[in-house]
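Data first, discussion second: the structure below is written as structure tokens.
Read the numbers this way: they start at 1 and go in the same order the structure lists the ligands and their atoms.
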Amino acid sequence: MSSTDLRAHLSQNIIALIRGKRKIAILTGAGISAEAGLATFRGKDGLWAKMRAEELASIQGFMANPQLVWEWYQHRRDVLSSAQPASGHRALAEWERSHDGDFTLITQNVDGLHRLAGSSNVLELHGNIRVTRCFKCGREPIRGVVEFRGEELPKCSCGGLLRPGVVWFGEMLPEPELTRAFEAAEQCDLFLTIGTSSQVYPAASLPVVAKEHGATVIEINPEETPFTPHADIHLSGGAGDILSAMVLSLSAI
Ligand code: BJW
Ligand code: ZN
């Protein structure tokens, strides 16, 4: 669909529905950052096409082979250092700026691209890959950027191993962010789930909770997900094109 067709389609069918919704909550996943050149997790070209998730994104994996886990995160940090927000990130930031009402952006992404794009009310459910903290005492190191370049594993002043500040399988999500995310899902009247395979919990529960509490739920994804049958509207396509068209149409009088 061209962007003109998309705008026409959206203005007829969806913009009227979105307009007037004051409490908006949005959940994003790796798909929105795919358009910034960052690989998603699942699927044939995903980060886990070659490696098992449990070896890289779990406490057990880190304890078994911290070098391997650090190499993987250092590589992703290096890729991220030259990445810029994509049009989907920018459209959401623009939407938040122009919106009169609540606007909560909940992300599973650890890349920090929503804030870089200018979004301010962002809840990072799975942490941030740029952060480093101690595996043992939890503190963040006082000295600046911690890197792993295949030499000694970085250590905390307490002697514990340092680790990337992300949430691995089996770990609790950060409590304040999780609480605020569920509150936003319960209270919103419009919920968008964008670029996520809806397979990882508790994030995957958020659109379900929103729907149970009466919100209209829109999914944006080129593929169907386990949530698709429950969505009020599934928009099939890339996050950038659809969100840009949406925000443009919303700004038109
Ligand atoms: C596009 C696009 C374009 C492409 N535009 N879209 C209930 C039931 C079953 C299991 C559990 C449950 N509750 C908890 C669990 C266990 C577990 C879990 O969910 N397991 C399932 C996988 C079975 N959850 C946890 O362990 C969580 N902790 C927890 O629940 O604590 C309490 C507890 C503790 C102990 C025991 C029990 C409970 C923690 C989850 C942490 C997830 N961490 C990761 C890694 C983060 C660090 C890192 O980045 O390395 O987070 S896993 C990985 O998946 C990452 C992502 O944030 C997350 C979600 O992935 P996402 O974003 O959906 O990406 P993809 O690749 O899956 O999908 C991309 C999508 O984009 C696709 O659909 C494409 O089509 C689409 N797309 N191009 C729009 N242009
Ligand atoms: Zn420590």
Side-chain angles (χ1 to χ4, degrees), residues 27-49 51-62 69-70 72-77 79-80 86-89 91-92 106-112 124-142 146 154-175 177-178 192-208 219-228 234-244:
L27 173 69
T28 63
I32 195 166
S33 293
E35 295 177 3
L38 305 178
T40 61
F41 292 92
R42 296 163 186 87
K44 69 174 172 50
D45 299 323
L47 288 165
W48 291 339
M51 297 289 291
R52 279 156 47 89
E54 307 86 77
E55 287 174 30
L56 297 169
S58 71
I59 293 178
Q60 292 80 357
F62 183 70
V69 174
W70 258 116
W72 188 59
Y73 280 97
Q74 188 61 54
H75 168 72
R76 287 174 56 200
R77 283 177 172 184
V79 171
L80 182 59
S87 53
H89 299 102
L92 289 178
I106 307 156
T107 188
Q108 298 167 87
N109 299 342
V110 298
D111 54 37
E124 291 179 324
L125 288 187
H126 294 164
N128 191 303
I129 197 169
R130 291 185 173 93
V131 170
T132 302
R133 59 185 162 81
C134 178
F135 191 61
K136 195 167 154 193
C137 73
R139 279 181 303 191
E140 291 180 25
I142 297 159
V146 174
K155 286 210 173 129
C156 174
S157 54
C158 81
L161 286 180
L162 291 173
R163 56 163 284 179
V166 299
V167 180
W168 287 327
F169 284 116
E171 291 191 295
M172 301 300 288
L173 279 66
E175 188 49 52
E177 281 82 357
L178 190 60
L192 274 82
T193 173
I194 304 168
T196 173
S197 60
S198 296
Q199 291 183 37
V200 175
Y201 290 84
S205 306
L206 290 164
V208 178
E219 179 179 62
I220 300 177
N221 199 311
E223 309 287 337
E224 297 206 346
T225 74
F227 182 72
T228 306
H234 172 85
L235 295 174
S236 180
D241 280 352
I242 293 176
L243 288 170
S244 304

Side chains of Gln108 and Thr28: donor-acceptor distance under 3.5 Å anywhere?
-> no

Decide whether His89 and Ser33 meet the rule of one side-chain donor and one side-chain acceptor closer than 3.5 Å.
-> yes

Taking any residue with a non-hydrogen atom under 4.0 angstrom from an atom of ligand 1, which ones do you get?
-> Gly29, Ala30, Gly31, Glu35, Thr40, Phe41, Arg42, Trp48, Trp72, Tyr73, Arg76, Gln108, Val110, His126, Val166, Val167, Trp168, Phe169, Gly170, Glu171, Met172, Leu173, Gly195, Thr196, Ser197, Gln199, Val200, Tyr201, Pro202, Asn221, Pro222, Glu223, Gly238, Ala239

Could you list the residues that satisfy side chain to side chain donor-acceptor pair (under 3.5 Å) with Glu219, not counting sequence neighbours?
-> Thr225, Thr228, His234

Worked check of side chain to side chain contact (heavy atoms under 4.5 Å, CB included) between Cys134 and Glu140 = CA-CA 6 Å; Cys134 178; Glu140 291 180 25; over 6 Å; no

Excluding waters, which protein N, O or S atoms are within less than 2.8 Å of the Zn ion (ligand 2)?
-> Cys134 SG, Cys137 SG, Cys156 SG, Cys158 SG

List the steps and the verdict of side-chain hydrogen bond (donor to acceptor under 3.5 Å, both in side chains) for Thr132 and Arg77.
-> CA-CA 11 Å; Thr132 302; Arg77 283 177 172 184; 2.9 Å; yes

Interatomic distance, CG@Asn109 vs CG@Leu38, rounded to 0.5 Å, equals 8.5 Å

Roughly how far, to the nearest 0.5 Å, is the OH atom of Tyr201 from the CG atom of Leu206?
-> 10.5 Å

Trp72 six-ring face occupied by Arg76 cation (under 6.0 Å, within 45°) | yes

Using the test salt bridge (Lys or Arg N to Asp or Glu O under 4.0 Å), find all partners of Glu171 that sit at least two apart in sequence or belong to another chain.
-> Arg163

